[in-house]
Amino acid sequence: MTETTGAARWTGYRSGALLVDKTADRLGVSHAFDGEKYTLAGVGTTERWTAPARAVRLATDEERRALGLGPRSVD
């Protein structure tokens, strides 16, 4: 029998999440996460780049509103 702690293991932000790359001060949509870095795509562009996991955060509701988006949904 294996012991469980009830704590979920962090696996990163999901694909499609609007993230801020703090190193580049840019918004991007998450397309992939390999455990160490995210592949992000620019909003309204086809440009893609990678950012270290420690350098990204979810976009705030204010940042989302500036793009004409609603607040984050929690599911």
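The structure presented is a predicted model; accordingly, all values stated were derived computationally and were not measured.
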Under 3.5 Å, side-chain donor or acceptor atoms of residues 27-36 against the rest of the protein: list the pairs with distances, not counting sequence neighbours.
{"residue": "Asp34", "atom": "OD1", "partner": "Glu36", "partner atom": "N", "Å": "2.8"}
{"residue": "Asp34", "atom": "OD1", "partner": "Lys37", "partner atom": "N", "Å": "2.8"}
{"residue": "Asp34", "atom": "OD2", "partner": "Lys37", "partner atom": "NZ", "Å": "2.8"}

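- Residues meeting the side chain to side chain contact (heavy atoms under 4.5 Å, CB included) test with Arg65, sequence neighbours left out: Asp61, Glu62.
- Closest heavy-atom contact between Val56 and Asp21: CG1-CA, 4.3 Å.
- For the residue pair Ala59 and Val20, the shortest heavy atom distance occurs at CA-CG2, 4.0 Å.
- Residues meeting the side-chain hydrogen bond (donor to acceptor under 3.5 Å, both in side chains) test with Thr50, sequence neighbours left out: none.
- Residues forming a salt bridge (Lys or Arg N to Asp or Glu O under 4.0 Å) with Arg48 (at least two apart in sequence, or on another chain): none.
- By the side-chain hydrogen bond (donor to acceptor under 3.5 Å, both in side chains) test, Glu63 is found to be paired with Arg57, Thr60, residues two or more places apart in sequence or in another chain being considered.
- Of all the heavy atoms in Glu47 and Arg26, the pair that sits closest is OE1-NH2, 3.0 Å.
- The side chain to side chain contact (heavy atoms under 4.5 Å, CB included) test applied to Leu58 returns Tyr13, Ala17, Leu19, Arg72, not counting sequence neighbours.
- Applying side-chain contact (heavy atoms from CB on, under 4.5 Å) to Trp49 and the options Thr39, Thr23, Leu40 leaves one that passes, Leu40.
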